[in-house]
Number of protein chains: 2
Amino acid sequence: MESAKHQPSDTSGLAASARQGEASNAPAGKPARGTQSLADRLFLSLRKDIVEGRIAAGSKISEPELARRFDASRGSLREALMRLESLSLIERKVNVGARVVELTERGLLEIYDVREALEGMACRLAAENRSEEDLVELRQMLNRHEQQEELKKGTAYYQPEGDFDFHFRIVQASHNDLLIDTLCNKLYYRVRMYRYQLGMASPRAHRAFREHSHIIEAIEAGDGELAEILMRRHIRASRSNIENKLSQQN
Amino acid sequence: MESAKHQPSDTSGLAASARQGEASNAPAGKPARGTQSLADRLFLSLRKDIVEGRIAAGSKISEPELARRFDASRGSLREALMRLESLSLIERKVNVGARVVELTERGLLEIYDVREALEGMACRLAAENRSEEDLVELRQMLNRHEQQEELKKGTAYYQPEGDFDFHFRIVQASHNDLLIDTLCNKLYYRVRMYRYQLGMASPRAHRAFREHSHIIEAIEAGDGELAEILMRRHIRASRSNIENKLSQQN
DNA sequence: CCGACCAAGATTGTCGACACTTTTTAGTTT
DNA sequence: AAACTAAAAAGTGTCGACAATCTTGGTCGG
């Protein structure tokens with residue numbers, strides 16, 4: 001609930017290796033550096049690896065192995081694993097161990113239903129509570145996306161990241177910290193995991209852009225009811241799109 | 001996401017003390033008993049203490065002290081604390097420590113908005129996906145509550161627990177595991193904390209009961225749209241009620 | 001008298017070691 | 001050869017100790 005302000009594409013200032021700076025030879029006890037614990041860095045690094053598929057979905061996680069790999073103690077690693085569990089990125093069983101979650105069609109569709117509910121509400125609240133600054137940022141973002149669309153007309157369009165920006169900003173504008181935390185700090189990591197690994201570059205190109213545009217207009221007009229309806233429809237359309245795609249594959 | 005079936009009033013089979021069975025003298029290493037780790041039991045016990053106010057909201061939590069009190073190592077206690085953090089029942093800062101969250105008016109109202117969104121969706125899904133068993137259980141519950149209402153006519157009615165039953169069952173009937181987990185295993189503990197400590201015995205007596213009744217009828221009829229609307233209205237009414245009550249106090 | 005600096009105490013983060021469980025492997029029996 | 005049993009290997013849960021950090025109370029200077 002704390003980090004309400006938070007940029008879309010990974011605030012964390014850590015790159016590949018979790019152990020920032022000089023990597024090795026830690027005699028024993030060399031804790032927190034820069035107001036960030038070792039467990040924090042392990043968590044961020046592992047989260048990235050899981051979301052982007054470098055640690056395969058469904059694979060087992062060995063504590064001793066990972067601890068060696070990161071040159072950390074099992075204790076710190078364990079703390080990171082527990083945080084991953086609270087994001088539902090891994091599952092742990094007592095005395096058995098941890099596994100990365102599986103990606104299932106059902107799981108994906110369930111996420112869409114939850115997003116429809118929460119982001120619909122976020123959109124309504126954004127229309128009611130948005131600050132002047134929110135309005136400026138939303139409009140700027142839309143212009144930026146429009147330019148990108150002009151440029152890459154016909155191609156994959158709008159990287160998934162563009163879509164992420166959009167949803168992220170609107171949720172921020174709701175000014176409901178619980179909602180922001182639930183979506184941006186919890187659910188979206190799983191959403192990204194599905195996007196990365198099932199590689200869903202939405203072919204809904206400028207249709208999605210037009211929908212985004214209308215939603216922001218409703219927010220600007222302060223029409224919460226309309227904003228919610230449009231957002232829910234937008235997400236449901238995306239869900240239908242995926243649903244068709246999946247049923248074709250099988 | 002696992003324990004989808006789960007009874008309202010605390011499934012956990014542990015009573016006051018976290019250390020079940022013989023309490024003391026653990027030489028070193030006497031782990032898991034009954035497929036439940038020590039950290040698990042500490043977590044459940046502390047969660048209860050926080051929700052019911054035996055550990056005051058806003059108070060600081062000392063790891064060494066609690067560890068002594070429960071006769072456990074700091075490591076196991078730490079694991080329990082991290083789980084509490086993921087429920088947003090405590091907040092931790094690096095190198096500073098943990099505090100029980102504060103109960104604020106704003107926080108309570110934020111929860112209502114999220115519940116309106118999620119439970120509205122749960123209700124819609126329940127109407128669409130409910131099994132025969134769900135229908136039987138929902139109807140039985142309603143009858144049980146009606147009897148209780150007849151009995152205690154005029155008094156506080158319907159303990160908050162009755163209301164909890166209701167919302168719990170409907171969420172279960174949605175058959176969306178993510179939704180069930182988010183509400184029943186995460187959000188509801190904070191809701192209970194507010195109820196216990198701000199002592200909100202809803203004076204909305206049989207009005208609430210009638211609303212519950214209509215919602216279940218919509219679910220029985222398979223009318224998802226109506227079910228969602230009624231649930232959202234029900235929660236919003238409850239929110240308004242609290243809002244008035246709070247503004248009167250100040 | 002108030003604010004800044006400093007030292008002692010308490011608290012948190014991290015680590016390595018040990019106990020108990022689960023899984024794997026080797027051996028024996030039917 | 002397949003299946004059951006038993007031992008060993010690997011893995012997880014728990015603990016106590018140590019190092020770094022934060023907090024508290026006191027002291028000094030303005």
Side-chain angles (χ1 to χ4, degrees), chain A residues 14 17-46 55 59-85 90-100, chain B residues 14 17-46 55 59-85 90-100:
Chain A
L14 94 166
S17 163
R19 200 125 207 176
Q20 65 181 191
E22 67 298 342
S24 48
N25 59 11
K30 190 207 286 184
R33 177 191 178 135
T35 71
Q36 198 175 231
S37 72
L38 170 57
D40 269 322
R41 295 196 294 276
L42 291 174
F43 165 67
L44 291 173
S45 181
L46 285 172
I55 301 179
S59 65
K60 186 167 186 328
I61 290 179
S62 163
E63 290 183 5
E65 183 196 326
L66 268 189
R68 275 196 305 275
R69 178 126 64 92
F70 284 108
D71 188 28
S73 79
R74 261 185 61 225
S76 299
L77 178 72
R78 240 149 160 317
E79 180 167 339
L81 290 182
M82 290 183 359
R83 297 230 200 122
L84 291 172
E85 184 184 19
I90 70 174
E91 289 173 342
R92 292 178 54 196
K93 283 183 192 167
V94 180
N95 277 319
V96 172
R99 305 191 81 89
V100 180
Chain B
L14 94 164
S17 164
R19 199 127 207 175
Q20 66 182 189
E22 68 298 341
S24 48
N25 60 10
K30 189 206 286 184
R33 175 188 179 138
T35 72
Q36 196 176 231
S37 72
L38 170 56
D40 269 322
R41 297 196 293 277
L42 290 174
F43 165 67
L44 292 172
S45 180
L46 284 173
I55 301 180
S59 65
K60 185 166 189 321
I61 290 180
S62 162
E63 290 183 6
E65 183 197 326
L66 268 189
R68 275 196 306 274
R69 177 128 63 94
F70 284 108
D71 189 28
S73 80
R74 261 185 61 224
S76 299
L77 179 73
R78 240 147 160 316
E79 180 167 340
L81 290 182
M82 288 180 2
R83 297 226 202 129
L84 292 172
E85 184 183 19
I90 70 174
E91 289 173 341
R92 292 178 57 195
K93 285 183 192 166
V94 180
N95 278 319
V96 171
R99 306 191 79 88
V100 179

Problem - Below 4.0 Å: OP1/OP2 of C:dT14 and any side-chain N or O of A:R78 - result: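 Looking at the OP1 and OP2 atoms of C:dT14, neither is under 4.0 Å from any side-chain N or O of A:R78.
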Would you kindly give the [atom1]-to-[atom2] distance between [X] and [N], to the nearest whole Å?
| X | N | atom1 | atom2 | value |
| --- | --- | --- | --- | --- |
| B:E79 | D:dG13 | CD | P | 7 Å |
| A:L81 | D:dG11 | CG | C1' | 13 Å |
| A:L77 | C:dT14 | CG | P | 12 Å |
| A:D71 | C:dT14 | CG | P | 13 Å |
| A:F70 | C:dC15 | CZ | P | 13 Å |
| B:D40 | D:dT12 | CG | P | 16 Å |
| A:K93 | D:dG11 | NZ | P | 18 Å |
| B:Q36 | C:dC20 | CD | P | 19 Å |

Is the shortest heavy-atom distance from the side chain of [X] to the side chain of [Y] under 4.5 Å?
| X | Y | value |
| --- | --- | --- |
| A:R78 | A:R92 | yes |
| A:L42 | A:L66 | no |
| A:S45 | A:F70 | yes |
| B:L84 | B:I61 | no |

Nearest of [options] to any side-chain atom of [X]?
| X | options | answer |
| --- | --- | --- |
| B:L38 | C:dT11, D:dT14, C:dT14 | D:dT14 |
| A:A39 | C:dG13, C:dT14, D:dT14 | C:dT14 |
| B:R74 | C:dG13, C:dT14, D:dT12 | C:dG13 |
| A:N95 | D:dT12, D:dT21, C:dT11 | D:dT12 |
| B:S37 | C:dG13, D:dG13, C:dT11 | D:dG13 |
| A:S73 | D:dG11, D:dG16, C:dC15 | C:dC15 |

Handout entry: Position toward the 5' end of DNA chain C (nearest nucleotide), A:S76 or B:G97
Key = B:G97
Fill in the blank from the handout: Between A:V96 and B:K60, the residue closer to the 5' end of DNA chain C by nearest nucleotide is B:K60
Fill in the blank from the handout: Between A:A72 and A:L38 the two heavy atoms that sit nearest each other are CB-CD2, 4.0 Å
Practice task
Scan B:I61 against the nucleic acid and name what it touches under 4.0 Å (heavy atoms): base, sugar-phosphate only, or nothing.
Solution key: sugar-phosphate
